[in-house]
Amino acid sequence: MDEISSWDYVIVGTGPAAAEAAVAIRELDNRGKLLMLGAERQLPYQRPPLSKGLWTGKDTVEELPLRSAAEWDGLSVQIHLGDAVIELDAGARTLTSASRRIYRYERLLLATGGRARQPELAIATLRDRVFTLRNFQDYERLQAAARPGLTVLVVGGGFLGAELAAALSRQEGLKVHHAFAGNAPLAHVLPPTLQKVVLARYGKAGVQLHPQHRLEGLDWEDGSVRAHFTTQAPIACDLLVYALGMESNLELAQQAGLTLDKGGVLVNTELRSSDSRIWAAGDLATYPDPVWQEPCRLEHWDNAEATGRAAGRAMAGRSEPFRHQSLFFSDLFELGFEAVGRCDSQRVLRVAAPPGGGKAVVYYGDGDWVEGVLLWNVWGKADAAREGIAAHRPLMDLHWVETLET
């Protein structure tokens, strides 16, 4: 007979959204039975170091866990790892895992995140040469394969691809190529002036850059992976890393018949889905933007923590509108930035670079109205940027602008 257990709260997922939700629930309810279910075998851990600090020595594997097993026990949070949830029956309020355990819930949080977007590989030989980076197992696999003397090609110019190409360039004896569809890494966010800075820094690090390269397919020839592009010559490499974004893990939400939007689960300002007993958080949640009230789905660490915290509080009975403007950040070599709001390189209003170079504040928006701010090597100003965007401040508001730029 399948094993059945009943819980007041069940959280599916063990990422930052799940972890923050569990802690938030416990802050308000220290009695309800609380279970977290994860397909991975690790306790909830930090994920940004997978593409940054673990490669440079800034972070260690031992530092990754968000809390120890003892700390989770102290919070009375039961965690079942390595057993993916494969079925959700919203009518019966039950979840079924791969091992055929059945969990009955009163309140459920879906924080299942996503999986790497990648083409199907027609050639089996390539499977040991092609990588993605979404979890710790992916990191371990790539780290073991990235040996001195090999050539690795990173495909994708978004955050993950840009960070990983930079990190891999610091590995001794590894030759790194970076192919991306735009004019530079992070070209969808950075204005042309900062794109030039980034290009120069990658060049200094010895990374071979391939702008305007759109991947078309792979094959195997003379012992190498050959990446083919729509209008450019093929690139041969020993290892290839896909960094082409993610696809939300929507299977459980679809089984429950939840309303979907923008690649995620549509939720209200309390992170509650179309089913009154189910909430969603993290990469999976499409929620009303706190400034513009339009459906919004973000794939960033800060957003995962904030939506998880809000969902947990709502599940425990503290209903509060979600008002957090999420921050996103990146580190490329010694360069780094934080950004808030709508940051689209096609909608740059102004780039303010103080004398001496090395720092910049970028404003994005429409006309004179600021909808996003990127702080390039400028720290401690994110909250001021948030406040100005929420208040719909224009560039003409000199006091606010000076607060960010000085």
Nearest 0.5 Å, please: how far is [atom2] in [Y] from [atom1] in [X]?
| X | Y | atom1 | atom2 | result |
| --- | --- | --- | --- | --- |
| Glu27 | Arg318 | CD | CZ | 9.5 Å |
| Leu50 | Asp59 | CG | CG | 9.5 Å |
| Leu335 | Leu190 | CG | CG | 10.0 Å |
| Leu240 | Ser224 | CG | OG | 12.0 Å |
| Glu299 | Phe328 | CD | CZ | 12.5 Å |
| Glu387 | Gln325 | CD | CD | 9.5 Å |

Inset, instruction - Take Glu251 and Arg115 through the salt bridge (charged side-chain N to carboxylate O under 4.0 Å, His left out) test and state the conclusion after the steps. - result: CA-CA 12 Å; Glu251 290 79 6; Arg115 55 188 176 272; 3.0 Å; yes
Compute both the distance and the angle, then confirm whether [X] meets the cation-pi test with [Y]: under 6.0 Å from the six-membered ring centre, within 45 degrees of the axis.
| X | Y | answer |
| --- | --- | --- |
| Arg277 | Tyr105 | no |
| Arg342 | Trp292 | yes |
| Arg141 | Tyr139 | no |

Inset, instruction - Walk me through it: do Ser97 and Asp83 pass the test side chain to side chain donor-acceptor pair (under 3.5 Å)? - result: CA-CA 6 Å; Ser97 72; Asp83 190 18; 2.7 Å; yes
Tell me if a side-chain donor or acceptor on [X] pairs with a main-chain N or O of [Y] at a distance below 3.5 Å.
| X | Y | answer |
| --- | --- | --- |
| Glu106 | Ser6 | no |
| Arg93 | Arg107 | no |
| Asp238 | Leu150 | no |
| Lys381 | Thr406 | yes |
| Glu305 | Pro16 | no |
| Asn377 | Gly358 | yes |
| Asp8 | Lys33 | yes |
| Thr112 | Gly13 | no |
| Tyr45 | Asn135 | no |
| Asp289 | Pro295 | no |

Inset, instruction - Apply the test side chain to side chain donor-acceptor pair (under 3.5 Å) to residues Glu163 and Ser330: give CA-CA distance (whole Å), side-chain angles for both, the deciding distance (0.1 Å), then the verdict. - result: CA-CA 7 Å; Glu163 292 169 357; Ser330 189; 2.8 Å; yes
Evaluate the side-chain proximity of [Y] to [X]: yes if any heavy-atom separation is below 4.5 Å, no if none is.
| X | Y | result |
| --- | --- | --- |
| Tyr364 | Val189 | yes |
| Val198 | Leu186 | no |
| Leu404 | Val378 | no |

Inset, instruction - Quick one: sort the Tyr363 and Trp400 rings into parallel, tilted or perpendicular, breaks at 30° and 60°. - result: perpendicular
Inset, instruction - May I ask you to decide if the ring planes of His324 and Phe322 are parallel, tilted or perpendicular, using 30° and 60° as cut-offs? - result: tilted
Inset, instruction - Check the pair Tyr202, Val176 against side-chain contact (heavy atoms from CB on, under 4.5 Å), reporting the backbone distance first and the verdict last. - result: CA-CA 10 Å; Tyr202 278 93; Val176 180; over 6 Å; no
Legend entry - Test side chain to side chain donor-acceptor pair (under 3.5 Å) applied to Gln143 and Gln171, step by step: CA-CA 10 Å; Gln143 194 272 337; Gln171 308 309 296; over 6 Å; no
Legend entry - Residues Glu40, Arg47: salt bridge by 4.0 Å N-O rule: yes
Legend entry - Pair Arg100 + Glu87, salt bridge at N-O below 4.0 Å: yes
Legend entry - Partners passing side-chain contact (heavy atoms from CB on, under 4.5 Å) against Ala92 (at least two apart in sequence or in another chain): Asp89, Thr94
Could you tell me which non-hydrogen atom of [X] sits nearest to which non-hydrogen atom of [Y], and how far apart they are?
| X | Y | value |
| --- | --- | --- |
| Ala316 | Tyr9 | CA-OH, 3.7 Å |
| Ile389 | Val373 | CD1-N, 3.9 Å |
| His210 | His213 | O-ND1, 3.4 Å |
| Met36 | Ala22 | CE-CB, 3.7 Å |
| Pro49 | Trp55 | O-CD1, 4.5 Å |

Inset, instruction - Take Phe159 and His300 through the ring pair (Phe, Tyr, Trp, His ring centres under 6.0 Å) test and state the conclusion after the steps. - result: CA-CA 10 Å; Phe159 287 92; His300 299 296; 5.5 Å; yes
For [X], does the [atom1] atom sit with more than 12 other heavy atoms under 6.0 Å from it, leaving out its own atoms?
| X | atom1 | result |
| --- | --- | --- |
| Lys175 | NZ | no |
| Arg347 | CZ | yes |
| Arg350 | CZ | yes |

Inset, instruction - Please step through side-chain contact (heavy atoms from CB on, under 4.5 Å) for the pair Phe131 and Val152, ending with a clear verdict. - result: CA-CA 10 Å; Phe131 302 81; Val152 59; over 6 Å; no
Inset, instruction - Mind running side-chain contact (heavy atoms from CB on, under 4.5 Å) on Tyr287 and Asn303 for me, showing each step along the way? - result: CA-CA 11 Å; Tyr287 59 90; Asn303 185 67; 2.8 Å; yes
